[in-house]
2 protein chains.
Amino acid sequence: MNLLARSTDYAVRAILFMAQDPDQVTSTAELESELGLPRPFMRKTLQTLQKSGYLDSVKGNKGGFTLNRLPSAIRVFDLMTIFQGHISLGECLFKKELCSCVKSCPLRKEVKKMELGLLERLKKLTIADLMKDQKAGI
Amino acid sequence: MNLLARSTDYAVRAILFMAQDPDQVTSTAELESELGLPRPFMRKTLQTLQKSGYLDSVKGNKGGFTLNRLPSAIRVFDLMTIFQGHISLGECLFKKELCSCVKSCPLRKEVKKMELGLLERLKKLTIADLMKDQKAGI
DNA sequence: GACAAATGATACCACGATGGTATCATTAAG
DNA sequence: CTTAATGATACCATCGTGGTATCATTTGTC
Ligand code: FES
Ligand code: FES
């Protein structure tokens with residue numbers, strides 16, 4: 001079980017890279033060699049980010065993408081939502097329908113409580129925070 | 001994305017039911033009608049619980065299962081581990097191999113921190129706690 | 001203008017996890 | 001002996017996800 005999908009992770013790393021110097025056009029090829037990620041998948045990911053308004057695109061030769069927002073304005077939580085859909089740990093749904101027995105499930109209630117704490121923290125986390133972490137070493 | 005698998009949830013609910021009066025033999029059929037869960041799947045779940053040492057089984061006609069431990073000694077976390085394998089939100093693994101880029105992933109570090117808090121709480125949660133919740137109404 | 005290199009859009013594939021079913025043998029109560 | 005249960009195990013269907021491929025379009029460079 002994993003909280004983060006690869007797509008989300010790739011997106012974060014691409015954005016982190018581009019945030020190093022914004023306004024510069026970065027191509028998929030560049031990201032591939034720089035981060036070692038599979039090109040076609042990266043491409044799809046970037047296209048999604050563009051459609052969602054996080055990146056501007058430059059078509060044609062020497063084209064690529066540029067970052068559209070301030071790192072502090074990009075919440076990891078939002079990226080997760082884009083790539084993984086609605087984030088919820090405690091909604092027992094199956095085939096897109098809510099489980100009929102939610103009401104008699106004390107476990108759900110507890111998990112919901114924990115979820116709340118987690119989401120609180122996730123929603124506060126931005127790309128800017130990650131950049132700080134990066135600079136701090138590791 | 002879901003923290004709890006259905007199998008875990010079913011297991012918890014079955015155990016909760018049996019904990020109401022322990023020492024009584026409960027059959028799959030009973031659980032099916034009582035909780036409205038699909039019988040064959042329930043069966044599989046109970047067998048797993050028996051193999052893991054949480055239930056004793058009585059074979060033959062009028063057979064079934066009996067609870068083997070005190071509710072306070074059954075951690076939800078352990079049940080999750082049984083039915084869903086190793087619980088971890090922040091280990092980016094794929095095809096059972098760790099992602100090569102973990103070290104350059106500041107995101108992982110943050111998620112790991114959040115995971116810690118969540119697991120702390122999960123490990124503290126026992127069936128006995130859920131029984132208390134249940135009695136308290138909802 | 002031709003070519004190369006990029007994105008836009010979209011369809012497709014492969015794999016694994018999970019929910020769920022089915023079957024046959026064995027055991028034991030009535 | 002029949003019936004109702006578990007033990008063991010194999011099987012199936014669906015879905016989410018990681019990943020690929022294709023074709024059209026755009027644009028800088030020679
Ligand atoms: S099985 Fe869905 S809420 Fe419990
Ligand atoms: S992609 Fe695996 S750790 Fe980042």
Side-chain angles (χ1 to χ4, degrees), chain A residues 1-11 13-14 24-33 36-53 55-66 80 82-88 92-97 99-101, chain B residues 1-11 14 24-33 36-66 80 82-88 92-97 99-101:
Chain A
M1 100 124 281
N2 214 342
L3 186 63
L4 291 148
R6 281 210 154 193
S7 40
T8 310
D9 196 88
Y10 288 178
R13 294 176 57 191
Q24 176 170 337
V25 177
T26 309
S27 72
T28 309
E30 210 170 334
L31 283 173
E32 182 194 21
S33 63
L37 311 180
R39 166 121 56 145
F41 192 39
M42 194 73 236
R43 225 167 97 70
K44 188 161 69 168
T45 306
L46 293 175
Q47 283 192 32
T48 306
L49 283 174
Q50 186 267 335
K51 275 186 206 150
S52 314
L55 302 179
D56 287 327
S57 72
V58 181
K59 289 173 80 173
N61 196 349
K62 304 266 172 185
F65 299 90
T66 59
M80 289 178 67
I82 289 172
F83 288 100
Q84 304 170 227
H86 180 224
I87 301 296
S88 163
C92 173
L93 27 79
F94 182 62
K95 295 191 185 181
K96 276 141 197 163
E97 288 170 28
C99 176
S100 61
C101 42
Chain B
M1 101 124 281
N2 213 343
L3 185 64
L4 291 150
R6 281 209 154 195
S7 39
T8 310
D9 197 88
Y10 287 179
Q24 175 170 339
V25 177
T26 310
S27 71
T28 310
E30 209 171 333
L31 283 173
E32 182 194 19
S33 65
L37 311 180
R39 164 123 58 145
F41 192 39
M42 195 70 237
R43 225 167 96 69
K44 187 160 69 170
T45 305
L46 293 176
Q47 283 192 32
T48 305
L49 284 174
Q50 186 266 336
K51 275 185 205 153
S52 313
Y54 288 85
L55 302 180
D56 287 326
S57 72
V58 180
K59 291 173 79 173
N61 197 350
K62 305 266 174 185
F65 299 89
T66 58
M80 289 178 66
I82 288 172
F83 288 99
Q84 303 170 229
H86 180 222
I87 300 297
S88 163
C92 173
L93 27 80
F94 181 62
K95 295 192 187 180
K96 278 142 198 164
E97 287 169 29
C99 176
S100 61
C101 43

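In the text below, chain A, chain B and the rest are named by the order of the sequence lines, each starting its count at 1.
In the set C/dA9, D/dG28, D/dG19, D/dG28 carries the atom at the smallest distance from any side-chain atom of A/Asn61. In this structure, the nucleotide among D/dG19, C/dG20, D/dG7 sitting nearest to the side chain of A/Arg6 is D/dG19. Of the candidate nucleotides C/dG8, D/dT20, C/dA6, C/dG8 has the atom lying nearest to any side-chain atom of A/Ser57. Nearest to the side-chain atoms of A/Phe41 among the listed nucleotides D/dG28, C/dT26, D/dG18 stands D/dG18. The side chain of A/Lys59 approaches C/dT7 more closely than any other nucleotide in the set C/dT7, D/dT20, C/dG20.
Atom CG in B/Leu55 sits roughly 17 Å away from atom P in D/dA5 (whole-Å rounding). Atom NZ in A/Lys62 sits about 12 Å away from atom C1' in D/dC30, given to the nearest Å. Residue A/Lys44 contributes atom NZ, which lies 18 Å from atom P of D/dC23 at whole-angstrom precision. The separation between B/Glu30 atom CD and D/dA5 atom P is 9 Å, rounded to whole Å. With rounding to whole Å, A/Leu49 atom CG is found 15 Å from C/dG8 atom C1'. Between A/Gln84 atom CD and D/dG18 atom P there is a gap of 8 Å when expressed in whole angstrom units. Across the protein-nucleic acid pair, A/Met42 atom CE and C/dT7 atom P stand 11 Å apart, rounded to whole Å. What separates CZ of B/Phe65 from P of D/dA4 is a distance of 17 Å, to the nearest Å.
At the phosphate of C/dT7, neither OP1 nor OP2 sits under 4.0 Å from any side-chain N or O atom of A/Ser27. Residue A/Tyr10 places at least one side-chain N or O under 4.0 Å from the OP1 or OP2 atom of D/dG19. In this structure, A/Thr28 does not reach the C/dA6 phosphate: none of its side-chain N or O atoms is under 4.0 Å from OP1 or OP2.
Summarising the geometry, atom OG1 belonging to A/Thr45 is positioned 11.5 Å from atom CD1 belonging to A/Ile82; distances are rounded to the nearest 0.5 Å. Here the CD1 atom belonging to A/Ile87 is positioned 7.0 Å from the OG1 atom belonging to A/Thr8, to the nearest 0.5 angstrom.
For the pair B/Gln50 (side chain) and B/Ser57 (backbone), a donor-acceptor distance under 3.5 Å is absent.
At the heavy-atom level, B/Gln50 lies under 4.0 Å from the strands shown only through sugar-phosphate atoms. Using a 4.0 Å heavy-atom cutoff across all strands shown, B/Gly63 reaches sugar-phosphate atoms only and no base atom. Residue contacts for B/Lys51: at a heavy-atom cut-off of 4.0 Å it reaches the sugar-phosphate backbone alone, with no base atom in range. Nucleic acid contact for B/Pro40: base, since at least one base atom lies under 4.0 Å from a heavy atom of the residue.
In terms of polar N and O atoms assigned as donor or acceptor, the side chain of A/Arg43 comes within less than 3.5 Å of the base of C/dG8 in a complementary pairing.
Taking the side chain as every heavy atom from C-beta outward, B/Thr26 and B/Leu31 approach each other to under 4.5 Å.
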Problem - Test log, rule side-chain contact (heavy atoms from CB on, under 4.5 Å), inputs A/Thr28 and A/Phe65 - result: CA-CA 8 Å; A/Thr28 309; A/Phe65 299 90; 4.2 Å; yes
Exercise for the section: Evaluate the criterion side-chain contact (heavy atoms from CB on, under 4.5 Å) for residue pair B/Tyr10 and B/Leu46; output intermediate values, then yes/no. Expected result: CA-CA 9 Å; B/Tyr10 287 179; B/Leu46 293 176; over 6 Å; no
